[in-house]
Amino acid sequence: MKRDIGDLALFGGRPSFLRPLHVNTPNNFDRDRLYERLDWALDNRWLSNAGPLVLEFEERVAELAGTKHCIATCNATVALHLLVRAAGLTGEVLMPSLTFSATAHSVRWLGLEPVFCDIDPETGCVDPAEVEAKITERTSAIFAVHLWGQVAAVEELTAIGERHGIPVYFDAAHAIGCTLEGKPVGGFGAAEVFSFHATKMVSAFEGGAITTDDDELAAVLRGLKNFGKGLPEGHEMGGTNGKMSEASAAMGLTSLESYERSLSHNKHNYAAYESELDSIPGVRLFTGTTPETNNQQYAVVEVDEEVTGIGRDLLMQVLRAENVMVIPPIGAPACHEIEPYRRTPVPLPHTERLTARVMALPTGSTVGREQVRRVCDIIRCAVANGPAVRAGQHRSAA
Ligand SMILES: *Cc1c(COP(=O)(O)O)cnc(C)c1O
């Protein structure tokens, strides 16, 4: 247990962890099962182009999402591109700034303009009132985000979309398996986009998917992701290559089979963090409003510098010296705080306040109770010695 400032590795103490403990380590999966599937694909010599593994993966994801259609893609960024093209979006797309850069970049890459809206500080998700206030005649869509597995304000956003005749899409990269009033993420809005990047809850090495109940949209998306093949007569878009490979689908299917185990790990870690942090003033888990329906792939904590005496950045420095490689969570800094968007400043006070206060702690199926306890032991010691840590840091910097 660390008690004094001298116990902290930043000030010469022995690091808590011998080897680096990372945030967003890929979840565990059954390696033998993956090799079986890969062998099967290789034996059959079917490696891409709507192969049986991709079709099975699409079926599994559609089941989880409760939707009629799932279109698997090579990643979520391309899935967003396909959506922009399939829906014929132009001009401006409203979205939160508090999201991964991909949400904004996917729109900008195609020559559209992301327009950033502030968040509801309770949930971290986009504030519907902000969205409605920023609608102009150039607005063609709303891209909301289920940030850190916290389901966005689906009902209000859908109503706004209907009122103004604008489609609402959800970036569900963080939210596979999350629910709202019993309904799974995937079927909200006109379509939703999942990411199966290696670090996400379900991994396909790289991968993405669009889920929707709209037959026509699904057909166009399928055509666009495969060089425009099979598009309805007269469709002028051409197409691109957004296909998922059989190797990715093999991984995706195998990772999906571990979903419940990963979820259970996340829930245990989350509860452990909650009880450990409970006794540390000024450091609390960012839970949003409905923690029970979140897949809890991210353990995000908010640091209140006025209470702890040390800010988020210094606390991260303390932890990193202990080999706990904490980072700000996805979305911090926010899109409007990074290039190229910061060139056109827009004040988003709730977003800016939150992104400056949050960090992501290690969780997932590779992290256990004992590691959580030791991470919190470091935080407890740093906070208990807050002013001294701050003073010491100034001294060592001088
Ligand atoms: C990871 C992520 C993406 C991009 O996913 P890729 O599959 O890596 O392209 C998009 N949006 C959000 C919110 C993400 O976290």
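Counting starts at 1 for both ligands and their atoms, in listed order. Side chains are part of it too, since the values below use all heavy atoms of this structure and drop only hydrogens, waters and symmetry mates. Heads up: numbering here begins at 1 and tracks the sequence.
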Could you pull out every N or O of ligand 1 that sits under 3.5 Å from a protein N or O, with the distance for each pair?
unit_1, atom_1, unit_2, atom_2, d
ligand 1, 5 (O), Ser195, OG, 3.2
ligand 1, 7 (O), Ala76, N, 2.9
ligand 1, 7 (O), Ser195, OG, 2.8
ligand 1, 9 (O), Ala76, N, 3.3
ligand 1, 9 (O), Thr77, N, 2.9
ligand 1, 9 (O), Thr77, OG1, 2.6
ligand 1, 11 (N), Asp171, OD1, 3.4
ligand 1, 11 (N), Asp171, OD2, 2.7
ligand 1, 15 (O), His174, NE2, 2.6
ligand 1, 15 (O), Lys200, NZ, 3.1

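A distance of 6.0 Å or more separates the ring centres of His197 and Phe100.
The other members of the hydrophobic cluster of Leu34, by chain and number, are Phe29, Tyr35, Leu38, Phe205, Met251 (side-chain heavy atoms under 4.5 Å, ILVMFWY only).
In this structure a side-chain-to-backbone donor-acceptor pair under 3.5 Å is present from His174 to Trp148. Proximity of a side-chain donor or acceptor of Asn323 to a complementary backbone N or O of Phe17 within less than 3.5 Å is detected.
With hydrogens and angles left out, the side-chain atoms of Asp213 and Thr67 include no donor and acceptor closer than 3.5 Å.
Linking ILVMFWY side-chain heavy atoms closer than 4.5 Å, directly or via other members, places Leu224 and Leu83 in a single hydrophobic cluster.
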